[in-house]
Amino acid sequence: MGLQRNHVQGKHQYFYARQEATPGTLLRGRAVDAAKVISSTITLTEEPTPRRDIQVGRQEFEHIDGPTTVEVTGESYVIPSGTVGTPPDCDQILRAALGRSRAVLTVNDYTAGTGDTVTLIHDDGTTSTTATLTAGVDFTPATSNNATASAIAAAFNAHALGTAGSIVASANAAVVTIASDNGSLTLSSGDVAAWSATRTEYALRDTQQLKTLTVSRVHHNGNTTSPVAIAREDVTGVHVNELGFSGSGSEPPRMTFGAKGRRHIFTGTAELEGTITGSGTAVTVAGQGANFEADSLIKVGTDDNAGADFAVTAVSTDTITATPASMDGTDGVAIVPHYVAPTTAGSPIAGPVGGCTIDGATYPIVSYEISVNNNYIAIEDEAFSERMTDAVPQYREITGTVTVRARADLIAEIGRRKLQANRAIVVTMGATAGRRCVLSLPQVRFPPSGMNVPFEGLSDIPLAFRALDSAEGAADALLVQFT
């Protein structure tokens with residue numbers, strides 16, 4: 001916030017990522033779609049063609065418009081939710097980059113006499129990806145249908161959450177309803193006593209159908225009680241191409257992502273010219289129409305359509321048309337971007353907390369970097385299209401480096417790499433339940449390389465690797481878990 005006018009500052013922003021039902025169709029960022037970031041960029045570029053044909057003089061005087069591209073990047077700390085079984089705020093980004101999200105529950109199956117692990121696989125949920133059952137609550141229905149833990153697992157795993165949303169429980173926790181098809185399971189307390197959340201995990205999808213996001217960034221004035229938005233950017237059809245994790249003993253773990261989107265929507269601020277009352281659909285902003293475009297989400301003064309915003313449908317010079325037809329404001333009030341106050345949870349993991357194992361043995365590493373590249377080919381060269389229309393993932397590459405000191409008991413790693421054997425790496429960030437993130441790479445290959453030997457200081461051995469699937473199409477080269 002400036003002394004006289006509001007200014008955009010990187011530290012005063014809200015960041016949202018929401019999975020799209022239809023690629024490229026704008027979805028408003030909800031409170032639960034917010035995530036904390038250290039920094040983010042949204043870069044819109046155009047490649048115009050200079051007009052160079054027969055003319056007088058030797059200076060260009062006209063450009064021919066070309067296609068536009070939008071790139072999105074972000075960096076954040078690794079922030080678990082703080083609660084076992086509750087996804088982190090970056091849930092939508094992880095799902096878009098890797099493809100699969102699972103909530104893992106432990107069900108006590110008295111019929112079998114053992115505690116079975118039931119995996120709820122939320123691959124394609126569009127409105128909710130969290131089971132809303134209460135952990136530890138007994139199932140006590142009046143009737144029994146002999147529902148064993150294995151039967152529950154089969155029913156959940158066969159259900160693709162791609163249409164209506166969530167898995168919910170009735171008030172007495174007796175019926176589990178699968179919302180998309182209204183199917184239900186009546187559970188007997190004689191069979192299943194209780195369940196508890198175990199972890200949230202993100203696995204790879206080995207198909208081309210990865211989901212897209214609407215990414216939104218709202219810059220506000222930093223007011224601690226009621227932040228006023230200054231500018232808003234929305235990018236639709238965002239394909240997350242790159243995802244990375246890194247950390248060291250002196251730096252807290254961080255996550256980065258890189259993506260490309262289809263359409264960029266900008267919303268600025270202006271002042272209402274004249275008064276609009278009750279059922280208004282159009283407002284005038286003298287000389288400030290460039291602050292808005294179709295699909296800008298706005299509020300007029302204090303009128304935000306009961307929290308649902310007004311969506312701009314057209315801009316003609318300085319006349320803005322929006323829906324629904326209920327805008328209300330007096331001359332001079334501010335027209336600003338609308339946003340929903342974010343809800344975020346958790347705290348960053350400290351750098352010194354956690355550990356790394358290679359083939360099950362603990363290694364005192366200096367640092368680590370793990371990167372996922374989906375290698376998308378953007379379809380952005382089609383005739384009569386001004387922006388990207390699709391993206392096709394190619395061979396996925398998962399690479400990284402763990403660096404160890406060139407210590408006497410570790411220096412054998414130089415020789416081991418010549419054996420060309422597959423190894424297994426597990427990096428655990430954090431140590432407390434609800435505040436851990438685990439990266440598991442069950443099969444990696446370290447190619448031969450050397451040591452870093454400075455004239456002064458300590459030498460180290462960078463163990464660069466490429467992750468492999470266990471078999472063709474297994475899609476198990478990387479598993480990200482929050483436990």
Side-chain angles (χ1 to χ4, degrees), residues 1-16 18 24-31 33-34 42 44 46 65 68 70 214-236 261-342 386-387:
M1 180 186 296
L3 298 178
Q4 298 180 348
R5 294 185 180 276
N6 290 326
H7 293 258
V8 170
Q9 299 185 71
K11 63 183 178 180
H12 294 152
Q13 66 172 283
Y14 295 139
F15 188 89
Y16 306 81
R18 182 177 179 184
T25 300
L26 173 69
L27 285 181
R28 294 161 170 80
R30 305 163 299 182
D33 300 319
I42 296 178
L44 176 68
E46 181 189 3
D65 292 340
T68 59
V70 190
T214 292
V215 170
S216 304
R217 184 171 64 173
V218 177
H219 298 280
H220 58 82
N221 64 355
N223 186 300
T224 56
T225 56
S226 181
V228 176
I230 304 170
R232 172 174 180 147
E233 293 176 278
D234 296 279
V235 183
T236 67
R262 300 189 186 187
R263 183 179 172 219
H264 177 268
I265 303 165
F266 170 73
T267 307
T269 61
E271 293 182 357
L272 175 63
E273 184 178 3
T275 298
I276 186 169
T277 304
S279 61
T281 60
V283 295
T284 301
V285 288
Q288 302 171 83
N291 278 305
F292 309 95
E293 58 184 298
D295 288 332
S296 286
L297 306 176
I298 62 173
K299 74 173 186 176
V300 181
T302 59
D303 186 4
D304 62 358
N305 187 29
D309 69 51
F310 296 99
V312 174
T313 57
V315 178
S316 178
T317 312
D318 293 331
T319 300
I320 302 169
T321 304
T323 185
S326 59
M327 289 188 292
D328 196 343
T330 58
D331 184 62
V333 300
I335 301 176
V336 299
H338 180 266
Y339 68 90
V340 176
E386 62 180 347
R387 61 178 67 96

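These numbers were taken from a predicted model, which means no experiment stands behind them. The analysis underlying the following values was restricted to heavy atoms, covering all of them including side chains, and did not include hydrogens, waters or symmetry mates.
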Over all heavy atoms of both residues, which pair between [X] and [Y] is shortest? Give the atoms and the distance, please.
X      : Y      : answer
Ala34  : Pro342 : CB-CB, 3.2 Å
Thr267 : Ile298 : CG2-CG2, 3.9 Å
Gly289 : Val315 : O-CG1, 3.8 Å
His7   : Ile230 : O-CD1, 3.4 Å
Gly287 : Asp318 : N-OD2, 2.7 Å
Thr269 : Pro337 : CG2-CD, 3.8 Å

About how many Å separate [atom2] of [Y] and [atom1] of [X], when rounded to the nearest 0.5 Å?
X      : Y      : atom1 : atom2 : answer
Leu297 : Asp304 : CG    : CG    : 12.0 Å
Phe266 : Phe292 : CZ    : CZ    : 8.5 Å
Glu271 : Glu273 : CD    : CD    : 10.0 Å
Thr281 : Phe310 : OG1   : CZ    : 11.0 Å
Thr302 : Asp328 : OG1   : CG    : 8.0 Å
Glu233 : Ile42  : CD    : CD1   : 4.5 Å

Donor-acceptor contact present, side-chain [X] to main-chain [Y], <3.5 Å:
X      : Y      : result
Thr236 : Gly24  : yes
Arg18  : Arg28  : yes
Asp303 : Asn305 : yes
Thr313 : Thr321 : yes
Asn221 : Val228 : yes

Validation row: [X], [Y] side chains within 4.5 angstrom (heavy atoms):
X      : Y      : value
Val70  : Arg262 : no
Glu46  : Asp65  : yes
Thr214 : Val235 : no
Val300 : Leu272 : yes
Glu293 : Asn291 : no

We want to know whether Ser216 and Asp234 form a side-chain donor-acceptor pair, criterion being a heavy-atom distance below 3.5 angstrom.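 Yes, Asp234 and Ser216 have a side-chain donor paired with an acceptor closer than 3.5 Å.
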
Side chains of Gln9 and His219: donor-acceptor distance under 3.5 Å anywhere?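 There is no such pair between these side chains.
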
Does Ile335 form a side-chain contact (heavy atoms from CB on, under 4.5 Å) with Val283? I'd like the steps, not just the answer. CA-CA 10 Å; Ile335 301 176; Val283 295; 3.9 Å; yes

Evaluate side-chain contact (heavy atoms from CB on, under 4.5 Å) for Met327 paired with Ile276, printing each intermediate quantity in order. CA-CA 7 Å; Met327 289 188 292; Ile276 186 169; 4.2 Å; yes

Is the shortest distance from a Lys or Arg side-chain nitrogen in Arg263 or Asp295 to a carboxylate oxygen in the other one below 4.0 Å? yes

One thing to verify: whether Lys299 and Asp309 come together as a salt bridge, which I'm taking to mean a side-chain N less than 4.0 angstrom from a carboxylate O.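 So Asp309 does not pair with Lys299 through a salt bridge.
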
Tyr14 ring center near His220 ring center (under 6.0 Å):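 Yes, the ring of Tyr14 comes within the 6.0 Å limit of the ring of His220, centre to centre.
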
